[in-house]
Amino acid sequence: MANRILIVDDAAFMRMMVKDILTKNGFEVVGEAGDGSQAVEKYKELSPDLVTMDITMPEMDGITALKKIKEINPEAKIIMCSAMGQQAMVIDAIQAGAKDFIVKPFQPDRVIEAIQKALD
């Protein structure tokens with residue numbers, strides 16, 4: 001069975017890019033969210049196998065959403081997506097329980113590698 005993935009990014013273009021990479025590699029994208037609070041709701045609703053989470057978003061940022069999802073399910077697998085120069089936030093995210101992080105602009109191989117590693 002294909003792994004079910006929730007994509008969270010405030011930029012529709014980025015969600016589309018990630019979705020494209022994932023579907024081409026046999027993953028099932030079960031949902032998308034445009035901010036952290038939507039991400040938490042969608043997580044509860046869909047219980048995906050993995051979440052790709054943007055760090056900087058309006059309403060609720062990715063680190064806050066990560067912490068809330070981890071409260072719902074401590075076993076949740078979340079990979080953070082960050083722009084260059086967000087190292088401090090990436091460290092916060094890893095400490096809060098993120099499995100890995102991928103840097104924008106996305107390299108398809110790196111995205112798939114991070115996801116496969118997190119799902120193992």
Side-chain angles (χ1 to χ4, degrees):
M1 197 179 108
N3 288 107
R4 303 167 66 253
I5 299 178
L6 170 64
I7 300 172
V8 184
D9 199 304
D10 56 330
F13 170 72
M14 281 298 178
R15 292 198 305 270
M16 196 178 73
M17 258 175 67
V18 175
K19 185 176 187 171
D20 189 51
I21 293 168
L22 296 177
T23 49
K24 280 182 178 159
N25 285 277
F27 293 98
E28 182 190 349
V29 175
V30 289
E32 295 180 29
D35 65 53
S37 45
Q38 273 181 17
V40 175
E41 289 311 307
K42 291 263 188 195
Y43 187 86
K44 286 183 204 165
E45 183 191 317
L46 302 165
S47 44
D49 299 316
L50 184 130
V51 181
T52 65
M53 179 86 69
D54 187 21
I55 291 184
T56 34
M57 293 182 290
E59 302 297 319
M60 183 192 294
D61 68 50
I63 294 175
T64 307
L66 163 77
K67 290 175 180 167
K68 289 193 180 293
I69 289 171
K70 283 291 197 179
E71 283 169 18
I72 299 164
N73 176 8
E75 299 299 304
K77 294 180 167 86
I78 302 168
I79 293 178
M80 304 308 283
C81 304
S82 75
M84 284 303 227
Q86 293 181 321
Q87 275 78 4
M89 291 171 108
V90 166
I91 291 165
D92 289 350
I94 299 288
Q95 287 170 339
K99 290 278 181 206
D100 203 345
F101 67 94
I102 44 182
V103 178
K104 298 173 184 176
F106 299 126
Q107 279 8 124
D109 298 353
R110 174 70 187 112
V111 173
I112 298 304
E113 176 197 327
I115 287 173
Q116 286 172 335
K117 199 171 82 182
L119 289 167
D120 280 346

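Treat the numbers as computed from the prediction; the structure is a model and nothing was measured.
A single hydrophobic cluster is not seen to contain both V51 and L22; linkage of ILVMFWY side chains at heavy-atom distances under 4.5 Å, directly or through other members, places them apart. Each of I102 and I94 belongs to its own hydrophobic cluster when Ile, Leu, Val, Met, Phe, Trp and Tyr are linked at side-chain heavy-atom distances under 4.5 angstrom.
Inter-residue side-chain proximity for T56 and M89 is flagged as met; some heavy-atom pair is nearer than 4.5 Å. With contacts defined as side-chain heavy-atom distances shorter than 4.5 Å, the pair I5/P48 does not qualify. When side chains are defined from C-beta on, N73 counts as touching Y43, because their heavy atoms get closer than 4.5 Å. Between F27 and I112 the shortest side-chain heavy-atom distance falls below 4.5 Å.
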* Asked: Which is it for D100 and R110 under the salt bridge (charged side-chain N to carboxylate O under 4.0 Å, His left out) test, yes or no, and what are the steps along the way?
  -> CA-CA 11 Å; D100 203 345; R110 174 70 187 112; 3.0 Å; yes
* To do: May I have the step-by-step check of side chain to side chain contact (heavy atoms under 4.5 Å, CB included) for V90 and M80, ending in yes or no?
  => CA-CA 7 Å; V90 166; M80 304 308 283; 5.8 Å; no
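Contact detail for K67 and A96: the closest heavy-atom pair is CE-CB, 3.8 Å. The shortest heavy-atom contact between A33 and K42 is CB-CG, 4.3 Å. In terms of heavy atoms, G31 sits closest to L46 at CA-CD1, 3.9 Å.
Here the side chain of D61 pairs no donor or acceptor atom with the backbone of I55 at under 3.5 angstrom.
The one candidate from V8, I115, D9 that meets the side chain to side chain contact (heavy atoms under 4.5 Å, CB included) condition with T52 is I115.
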